[in-house]
Each structure stands twice: as C-alpha cells, then as structure tokens.
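What's counted below: heavy atoms across the whole structure, side chains too, no hydrogens, waters or symmetry copies.
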Amino acid sequence: MVEGAIQKANKAEFLDIFRLGRSRPFILRLAISAGIGGFLFGYDTGVIGGALLYIRDDFKEVQTNTSLKEAIVSTAVAGAIVGAALGGWMSDKFGRKLSILIADVLFFLGALLMAIAPTPAIIIAGRVLVGLGVGMASMTAPLYISEASPARIRGALVSFNGLLITGGQFIAYLINLGFTNVKGTWRWMLGIAIFPALIQFLLMLWLPESPRWLYRKGKQDEAVAILKKLYPADEVDEEVEALRSSVEAEIALEGPGDTSVFAKVKDAWGTPVVRKGLAAGIGVQVFQQLVGINTVMYYSPTIVQFAGIASNSTAIALSLITSGLNAVGSIVSMGSVDKYGRKKLMVISMVGIIICLCSLAAMFKLSDANAPKIDGIQTARFGNGTCPAYLKAPSASTWSCRSCLDASAECAYCSNSGNPYQPGACVSIGSDAKTMCNNKGGKSEYFTEGCPSKAGMMAILFLALYIICYSPGMGTAPWIVNSEIYPLRHRGIGGGMAAMANWTSNLIVSQTFLTLTKAVGSAYTFLIFAGFSTVGLIYIIWIVPETKGLSFEEVEKMLEERDMLQPWKKKQVDGKQ
C-alpha cells in the first residue's frame with residue numbers, strides 16, 4: 001500500500017471490483033456508494049441548465065431579472081465553497097462516514113425543497129443546501145474511498161467516482177429531456193435527486209468508518225477489524241503494519257507547534273519550493289474556470305438558445321452533445337495524460353479552446369448582424385402584447401430582433417410565420433404574447449434569448465469542439481498537477497487552497513456570465529473568455545513545469561532549481577526535464 005500516491009486504474013482493477021464483490025458484498029456496496037457520490041456531484045452541475053429554462057417560464061421575475069437567474073445557478077457554487085471547507089474539517093474531526101451521511105441529508109433536503117418551492121427564493125435556499133452537500137462530498141467521498149477500499153481496486157474506485165461526475169452531468173440532461181413534456185417539468189428535474197441521495201445514505205449506514213481515520217484517533221482495534229473485511233487473512237498483518245507506518249510518518253511530518261489551518265497556509269506560502277508549486281497549482285485551477293467551462297455546463301441550453309434555437313426541449317437535446325463529449329473526454333484523458341504529459345496536454349487544450357471561443361464569438365457576431373428586422377404591422381397585431389420599449393422607441397422602425405431583445409428584459413421576439421429569417425414582431429414577455437405567437441401557425445416561434453439565425457448550428461458545432469478541446473486537457477490535467485506538485489508535508493493544504501481557488505473562480509464566472517451577455521453581448525462575452533484563455537496559455541508555458549514521469553522527490557528538487565522569472569533556465573533532474 002502506497003499512501004499519498006496517485007492511484008492508476010486499469011481494466012483488471014475494474015473487473016476486480018465485481019469479482020471481489022461476489023465474495024465480499026461490503027466491497028460491492030462500497031463501489032455503488034462511490035459511484036453515487038460522483039453521480040450526485042455531476043447531476044447537480046448538469047441539471048440546473050435545463051431546469052432554468054422552465055423556472056423562468058413559471059416565474060416572470062426570473063425571466064426578466066438576470067441577477068436572479070444567475071443566483072439560482074451560482075448559489076449552489078457558493079454553498080459548495082463553504083461545504084468544501086466544512087467537509088474537510090468535519091471529516092477530520094468526526095470521521096469520513098458521518099461527513100458523507102450529512103452531505104446526503106443536505107442533498108435530500110435541498111432537492112426536496114426545490115421540488116416543492118413556491119417562489120424563486122425557496123429554490124435558491126434549496127440550491128444552497130445542495131451546494132453544501134456537493135462541497136462536502138467533493139472533499140470527503142474520494143478521501144473515504146481511497147482510505148476504506150482494498151489497495152488493488154482503490155484506483156478503479158477513485159477513477160469511477162471521477163468518471164461518474166461527468167456521467168452524472170450527461171444523465172442530468174437526459175432526465176431534463178425526459179421531463180420536458182411532463183407537468184411540473186423543473187420540479188421533477190431538480191427533485192429526482194432525492195432518490196440517489198437516499199440510496200447512498202442507506203448504503204453508508206452499513207459501511208464502516210475509514211480505517212485510517214480510526215487508527216489516527218487511537219481506535220486501532222476497530223481499524224484492524226475493518227481491514228480484516230477488506231483483505232484476505234494472509235495479507236491483514238502486512239496492511240496493518242503499512243497503515244501504522246504511514247500514520248506515524250504523517251504525524252512526524254506535521255511536527256510540533258501550531259497545526260491550525262492558518263498556520264499551515266502561512267507556512268506553505270513562506271516556503272520557496274511550496275510557493276512555486278502554489279503558483280503553478282493555483283494558477284491552472286483558476287484558468288480552468290476562466291476559460292468559461294462552467295458557463296457551458298451550467299448554461300448550455302441557454303447558450304444554445306443564444307444561437308437561435310427557440311424550443312426549450314430542442315435546446316436541452318442539443319446540450320446533450322456537450323455533456324456527452326465531456327464524459328468521453330474524461331475517458332480519453334485517462335490514457336493520454338501519462339503518454340503526452342500534463343503541460344503539453346494543457347497547452348494543446350488551451351490553443352484549441354482559444355480558437356473555438358474566437359470562432360464562437362464570430363458566429364454570434366454574424367448572427368447578431370443578420371438578425372431579422374422588426375415588422376411594425378406584425379407587431380401591431382399583438383395589441384397590448386407589444387413590448388412597451390418598442391412603442392416608446394423613436395427609432396423603432398430600424399429595430400431588429402437583436403435590438404428588441406436587448407432593449408428591455410420585458411421584450412421577446414415572435415418570428416415570421418412564413419420564414420423565420422424574414423421580419424417578425426417585438427412582443428412582451430408573458431404567457432399571453434407567447435400563446436398568441438405560437439397560435440399564429442406556420443413557423444412562428446417565441447424567442448427570449450437569441451434570434452433566428454442561419455449561423456446557429458455552426459455556433460453549436462464550435463461549442464462541441466470547445467468541449468472536445470477542453471475535456472482531455474484543461475478538464476483533468478490541472479487536478480493531476482495539483483496532486484503531484486507539492487511536497488508531502490504541504491500536499492493537503494496546497495491542494496485545498498487550489499481547490500478553493502477553483503470553486504471561487506467558478507462562482508465568479510457563473511455569477512457574472514448572463515450579466516456580461518446582457519452588457520456586451522454574447523459575441524464579446526466569449527471574446528473575453530478567449531482573452532483570459534490567452535493569458536492562461538502564456539501562464540502555463542511560462543510558470544507551470546512538466547511533472548510527467550517524476551517522483552515527488554524529483555518534482556521538489558526541480559522546483560528548488562527553477563527560476564520563476566526565467567523558467568527555461570532549469571537543470572535536468574536525473575536526466576528528466
């Protein structure tokens with residue numbers, strides 16, 4: 001057993017899960033529970049994008065208030081930041097098992113609250129609870145799996161947990177699509193998460209505490225009893241000795257003195273080698289978010305509607321492409337990150353991301369420039385359903401669909417019944433105008449986010465290419481870099497600071513995306529992300545070292561010799577760069 005090492009999964013390990021599961025049901029319960037933890041994390045990330053389309057249809061204040069839409073999405077991220085911090089503290093203080101059980105309770109209560117929510121404020125409260133659960137699970141579940149599973153299948157279980165995160169996002173969009181024509185739509189989409197949370201809670205009741213945590217708390221007999229369930233009798237003594245040596249080494253590394261989080265943070269930033277590692281580790285985590293990935297994961301159906309797709313169900317169906325490609329990319333990265341290297345994959349990924357973001361910006365700009373005009377006669381037929389801003393505008397005769405949507409949060413666009421690319425009507429947000437538009441016959445559609453566009457499908461194609469470029473590189477490599485780049489003594493606090501930087505950047509991006517699109521338009525919003533990505537590319541080339549094939553000791557020695565201002569002036573470490 002190698003404590004603290006990165007566990008690599010292979011086909012044999014995945015087969016061992018089910019082979020061992022037949023003789024030891026405990027291991028099968030562990031595998032299922034591990035999968036549910038990752039699934040819930042991914043499901044919550046993916047489900048809100050489709051649910052938001054129907055929440056705004058049910059609550060006019062959500063439709064007309066950009067900040068409220070952003071709050072419904074991003075409060076879960078804010079909750080996750082707090083949950084991650086609480087999860088780390090609780091899992092050390094009270095145990096991994098109890099922390100996961102509490103996370104399940106938060107998932108359950110949050111999903112139930114959202115399902116019955118009478119107002120947007122209650123939805124937001126439910127999102128906060130779910131976010132707390134996500135944050136706690138993201139910190140505790142992988143830790144529990146790595147400590148409570150047999151060494152021979154540990155890598156497979158940890159990989160399975162990560163794979164189910166992207167799988168959960170894909171399943172979320174499938175479930176969204178399945179409920180598009182069911183009464184209650186978004187309530188089912190958000191509420192169905194109570195079932196996997198309940199299943200995991202019940203499974204965890206029958207699973208033991210982490211033997212490593214028990215051993216550190218002086219409960220050696222309980223820890224040994226659990227190891228006897230995990231390993232054959234002839235391997236138990238060896239595993240007990242390995243656990244004892246590892247825990248003692250960990251305690252020795254912590255040393256005497258102040259062991260508070262603040263003291264550890266101060267010590268980490270005060271150590272030159274760790275500071276260089278933090279510059280690389282935190283940097284790649286921040287830029288992972290500043291490329292805009294979670295705007296795509298959280299707002300994918302809305303972005304598809306920016307591209308000119310009016311139908312909610314069609315927007316959700318097309319969003320399946322992005323979540324599916326993200327899951328496939330995660331699988332691809334497992335086989336490529338050790339072959340090609342972390343830094344090389346991130347550089348290639350960033351170049352592709354920049355090209356795709358610029359192409360997306362160009363498609364949206366082209367779409368805006370060729371938006372259908374507003375026909376005054378068609379608009380007048382809506383009577384009181386006409387957008388007030390259009391009636392008050394002195395230059396209304398020059399308006400296009402884009403002008404109508406940008407003029408006020410109260411405006412929507414009803415396309416021409418004969419040809420969607422011909423002039424249509426500028427109407428009010430509301431069920432009456434929407435009903436009138438849909439009853440016109442022909443090809444009339446009701447638009448609230450984007451305009452009919454021949455360039456729309458090209459924009460969706462570049463969105464898919466963006467995911468293909470992102471997932472195998474910037475999607476996974478930053479996490480691997482953070483698991484390798486810190487000295488053992490600072491690995492926990494370094495990884496924790498990097499994860500918090502990731503969540504915080506995620507919050508900033510998700511809370512400002514819709515505001516940016518309203519302020520400067522979709523095209524310039526994606527150009528801003530392209531600008532951040534360009535800075536990120538330069539940062540990775542300049543600051544981030546390659547850790548492929550290096551031991552932890554070699555990484556530490558490389559950082560000692562590395563000049564942050566002139567990174568090309570670095571010595572070889574045992575013949576490796």
Side-chain angles (χ1 to χ4, degrees), residues 52-69 72 118-120 180-181 183-186 301-302 304-316 364 367-454 456 514-515 517-519 521-522:
L52 186 63
L53 304 184
Y54 295 93
I55 292 171
R56 75 184 188 202
D57 286 348
D58 280 5
F59 299 105
K60 187 179 179 181
E61 61 265 43
V62 176
Q63 177 70 75
T64 58
N65 190 326
T66 298
S67 296
L68 192 54
K69 281 184 274 192
I72 289 172
T119 65
T180 52
N181 295 316
K183 186 178 180 180
T185 53
W186 61 270
T302 301
V304 170
Q305 290 192 334
F306 286 162
I309 304 298
S311 165
N312 286 350
S313 58
T314 304
I316 291 172
F364 281 118
S367 178
D368 290 347
N370 293 283
K373 299 297 183 182
I374 298 298
D375 185 296
I377 297 175
Q378 288 194 48
T379 301
R381 291 173 182 165
F382 282 82
N384 292 334
T386 301
C387 178
Y390 175 80
L391 296 174
K392 297 175 184 177
S395 57
S397 60
T398 64
W399 274 27
S400 67
C401 165
R402 189 73 261 166
S403 309
C404 171
L405 296 182
D406 289 344
S408 168
E410 299 284 342
C411 292
Y413 176 77
C414 181
S415 65
N416 188 291
S417 59
N419 184 336
Y421 307 115
Q422 293 299 314
C426 186
V427 301
S428 291
I429 290 282
S431 58
D432 292 343
K434 184 176 182 179
T435 301
M436 287 178 64
C437 178
N438 291 335
N439 289 339
K440 281 175 65 179
K443 299 179 180 178
S444 289
E445 290 187 288
Y446 183 79
F447 293 81
T448 59
E449 302 293 345
C451 298
S453 171
K454 295 178 180 179
L514 294 180
T515 299
T517 60
K518 290 294 182 184
S522 303

With sequence neighbours excluded, tell me which residues meet side-chain hydrogen bond (donor to acceptor under 3.5 Å, both in side chains) with Glu449. Arg56

For Ser395, which residues count as a side chain to side chain contact (heavy atoms under 4.5 Å, CB included) partner, sequence neighbours excluded? Thr398, Trp399

Side chain to side chain contact (heavy atoms under 4.5 Å, CB included) filter on Ser453, not counting sequence neighbours, yields Ser367, Ala455

Got a sec, which residues hit ring-ring contact (aromatic ring centres under 6.0 Å, His included) with Phe447, two or more places apart in sequence or on another chain? none

Who passes side-chain hydrogen bond (donor to acceptor under 3.5 Å, both in side chains) against Ser400, sequence neighbours left out? Ser403

Per the ring-ring contact (aromatic ring centres under 6.0 Å, His included) rule, what does the pair list look like for residues 409-432, sequence neighbours excluded? none

Applying salt bridge (charged side-chain N to carboxylate O under 4.0 Å, His left out) as the test, list every pair that has at least one member in residues 402-412; sequence neighbours left out. Lys60-Glu410, Asp368-Arg402, Arg402-Asp406

Heavy-atom side-chain contact between Ser428 and Pro388 under 4.5 Å: yes

Separation between CG (Asn416) and CD (Glu445), nearest 0.5 Å, reads 12.0 Å

In this structure, OG1 of Thr515 is separated from NZ of Lys69 (nearest 0.5 Å) by 10.0 Å

Taking side chain as C-beta onward, heavy atoms only, is Asn370 less than 4.5 Å from Lys454? no

Return a table of donor-acceptor pairs under 3.5 angstrom between the side chains of residues 377-385 and protein atoms on other chains or two or more places apart.
unit_1 : atom_1 : unit_2 : atom_2 : d
Gln378 : OE1    : Lys440 : NZ     : 3.2
Gln378 : NE2    : Pro423 : O      : 3.0
Thr379 : OG1    : Asp375 : O      : 2.9
Thr379 : OG1    : Cys426 : N      : 3.2

What is the minimum heavy-atom distance between Leu405 and Cys451, and which atoms define it? CD1-SG, 3.9 Å

Between Pro372 and Ser415, is there a side-chain heavy-atom distance shorter than 4.5 Å? no

For the residue pair Tyr54 and Ile316, establish whether any side-chain heavy-atom pair is separated by less than 4.5 Å. yes

Ser397: partners by side chain to side chain contact (heavy atoms under 4.5 Å, CB included), with sequence neighbours left out: none

Of all residues at least two apart in sequence or in a different chain, which pass the side chain to side chain contact (heavy atoms under 4.5 Å, CB included) check with Lys434? Asp57, Asn438, Tyr446

Minimum heavy-atom separation for Leu53 to Pro301, with atom names? CD1-CB, 3.6 Å

Those residues that, when tested against Ser313, pass side-chain hydrogen bond (donor to acceptor under 3.5 Å, both in side chains) (two or more places apart): Ser311

Compare all side-chain heavy atoms of Ile429 with those of Thr448 and state whether any distance is below 4.5 angstrom. yes

Which value, rounded to the nearest 0.5 Å, describes the distance between Asn65 atom CG and Leu514 atom CG? 10.5 Å

With a 2.5 Å cut-off on the SG atoms, do Cys404 and Cys411 make it? no

So do the side chains of Met436 and Val427 get within less than 4.5 Å of each other, counting heavy atoms only? no

Applying salt bridge (Lys or Arg N to Asp or Glu O under 4.0 Å), can you list everything that pairs with Asp58, at least two apart in sequence or on another chain? none

